[in-house]
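Note sheet for the following structure.
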Amino acid sequence: MKGKNKADNRKGGQVRAGRRILMVVLCLCMTVFVCMGCGDGMPPLAEQENGQGNETLQSVAASGEGRQAHTMERVEATILKDEISAYPLAAAGQDNSAAEEQQKRKKEAELEALKAAFADMDAAEVYTTANVRVRTAPSTEADVYTLLKKGEVLQKNGEANGWSRVLIEGEMYYIKSDYLREKGKPAEGSHIIAIDAGHQNKANTEKEPIGPGAGETKMKVTGGTRGVATGLYEYELTLAVSEKLRTELENRGYQVYMVRESHDVDISNSERAQMAYDSGAEVFVRIHANGSENSKANGAMTICPTPKNPYVADLYVDSQRLSEFVLDGLTASTGCKRERIWETDTMSGINWSKIPVTIVEMGYMSNPEEDKKMAGEEYQLLIAAGIADGIDVYFSE
């Protein structure tokens, strides 16, 4: 019996040991399961099975709600924080808008005050001396209405503080006075003639464009030719004849503008054309003498632009008429040979002109006989009278 009891005891011990091992394994499994459940936010299964499940579920639900509430609080707090942080910006934006509106009204008032400073004046014809901005008020802070090119003619009716008030399409606008020049006006029943005595005592070999915007350039002004028999320089001869032409024209009731009245000047061909325009002259007569390698070449000619001149094509008709009448008058007065009217686009003094223009080549200084004639006072008076006759015809037709 004792042996059997011992055996039974050993067997029972083994069973109990096995149960204990099984229980340990089960506990480990339950622990793992519970941990996984906790990780997923689920209540521990053991607690649900021990009679505390309802309370635990409620607790868990409550804690879940707490976590959810806590999350919502964070979101709401963030939104509220963003809104609060935005309020100063919105207020600042409102303040800036108000300040900008106030500044705008102040600027408008200042511009209106500047306009009010202008006193009315008799309208005068002016023209732009450069490409210039036209503004809605006499200030560089005013809006730009339009851009005008150099040479645009306008009516000016007021001036103040370095600005001019001009009329454009019935409305008043403003231009810096520095960029406007008043055109001369002929007396009633008269005309203004610009005379350019060609060349000067010292050539200017610097280059200038052959016409407005041209890529091709020429010397600003050359020294001209010289008489083979008399030794007289062309610039001396041209001024002597120009002075006689001025007297002749003034005696006939014309107003005369002289581009140069001395030899000691430095005026480029483009500048001479601008000066003629500035004077208010209606025509531009340029006095020159010719030269040739052929000493027998003689006679007078005039020069004007071609109909397709890229710079002054619009002046062709009147320039051609002026050239024709002047050449006819000169040759009739002096009895010299009538060469031709040379139409060319190579002359910068023509290409820069803004009024009808002609170049008068009185004769050849390379021809000994003609050189001597042109150096004489009597022949110079005949030349002047003949040119004046041509100008008379030009204005009478």
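Any value given below was found using the heavy atoms of this structure, including those in side chains, with hydrogens, waters and symmetry copies removed. Count residues from 1 along the sequence.
Here CD1 of I195 is found 12.5 Å from NZ of K244. Values are rounded to the nearest 0.5 Å. Atom-to-atom distance recorded for R246:CZ and Q255:CD is 14.0 Å, nearest 0.5 angstrom. For the atom pair CG of N290 and CD of E234, the computed distance is 8.0 Å after rounding to the nearest 0.5 Å.
Within the structure, ring pair (Phe, Tyr, Trp, His ring centres under 6.0 Å) pairs that include any residue of residues 327-349 do not occur (at least two apart or interchain). The ring pair (Phe, Tyr, Trp, His ring centres under 6.0 Å) pairs that include a residue from residues 355-397 are H191-F395, where partners are two or more places apart or lie in different chains. Here ring pair (Phe, Tyr, Trp, His ring centres under 6.0 Å) pairs that include residues 223-251, with residues two or more places apart or in two chains, are Y233-Y235, Y235-H263. Identified under the ring pair (Phe, Tyr, Trp, His ring centres under 6.0 Å) test for residues 150-188, with sequence neighbours left out: F118-Y174, Y145-Y173.
Salt bridge absent: E208 and K220 never bring a charged side-chain N and a carboxylate O closer than 4.0 Å. Remark: E101 engages R105 in a salt bridge, criterion side-chain N to carboxylate O under 4.0 Å. A salt bridge links K115 with E112: at least one charged nitrogen is closer than 4.0 Å to a carboxylate oxygen. With salt bridges taken as basic N to acidic carboxylate O contacts below 4.0 Å, one links R252 and D392. Checked for salt-bridge contact, K156 and D122 miss the test: no charged N lies under 4.0 Å from a carboxylate O. Taking 4.0 Å as the cut-off between side-chain N and carboxylate O, K104 and E100 do not count as a salt-bridged pair.
A 4.5 Å side-chain heavy-atom check between T128 and K149 finds every atom pair outside the cut-off. Taking 4.5 Å as the limit, some side-chain heavy atom of V360 sits within range of a side-chain heavy atom of V326. A 4.5 Å side-chain heavy-atom check between V221 and R272 finds at least one atom pair inside the cut-off. At a threshold of 4.5 Å between non-hydrogen side-chain atoms, the residues Q320 and I341 count as touching.
The environment of N161 atom CG is sparse: at most 12 non-hydrogen atoms of other residues, nucleotides or ligands sit within 6.0 angstrom.
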Report the C-alpha distance between M347 and I359 in whole Å, list the side-chain angles of each, state the deciding distance to 0.1 Å, and finish with yes or no for side chain to side chain contact (heavy atoms under 4.5 Å, CB included).
CA-CA 9 Å; M347 302 294 177; I359 296 177; 4.1 Å; yes
Let's go through L154 and L167 carefully: what are the C-alpha distance in whole Å and the side-chain angles of both, what is the deciding distance for side chain to side chain contact (heavy atoms under 4.5 Å, CB included) to 0.1 Å, and is it a yes or a no?
CA-CA 7 Å; L154 304 163; L167 188 66; over 6 Å; no
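In terms of modelled atom types and a separation under 3.5 Å, the side chain of E182 and the main chain of A124 share no donor-acceptor contact. Using modelled atom types, one side-chain atom of R135 and one backbone atom of A142 make a donor-acceptor pair closer than 3.5 Å. A donor-acceptor pair under 3.5 Å is absent between the side-chain atoms of S164 and the main chain of E159, judged by distance alone. The main-chain N or O of N298 is never found under 3.5 Å from a side-chain atom of N367 such that the two would form a donor-acceptor pair. Put simply, the side chain of K107 never gets that close to the backbone of Q102: no donor and acceptor are under 3.5 Å apart. In this structure, S366 contributes its side chain and S292 its backbone to a donor-acceptor pair below 3.5 Å.
With hydrogens and angles left out, the side-chain atoms of H288 and T238 include no donor and acceptor closer than 3.5 Å.
Applying the salt bridge (charged side-chain N to carboxylate O under 4.0 Å, His left out) criterion to R226, with sequence neighbours excluded, gives no partner residue. Checked against side-chain hydrogen bond (donor to acceptor under 3.5 Å, both in side chains), N309 has the following partners two or more places apart in sequence or in another chain: D345, N351.
Screening D318, V283, I350 for a side-chain contact (heavy atoms from CB on, under 4.5 Å) with V357, the sole residue that qualifies is I350.
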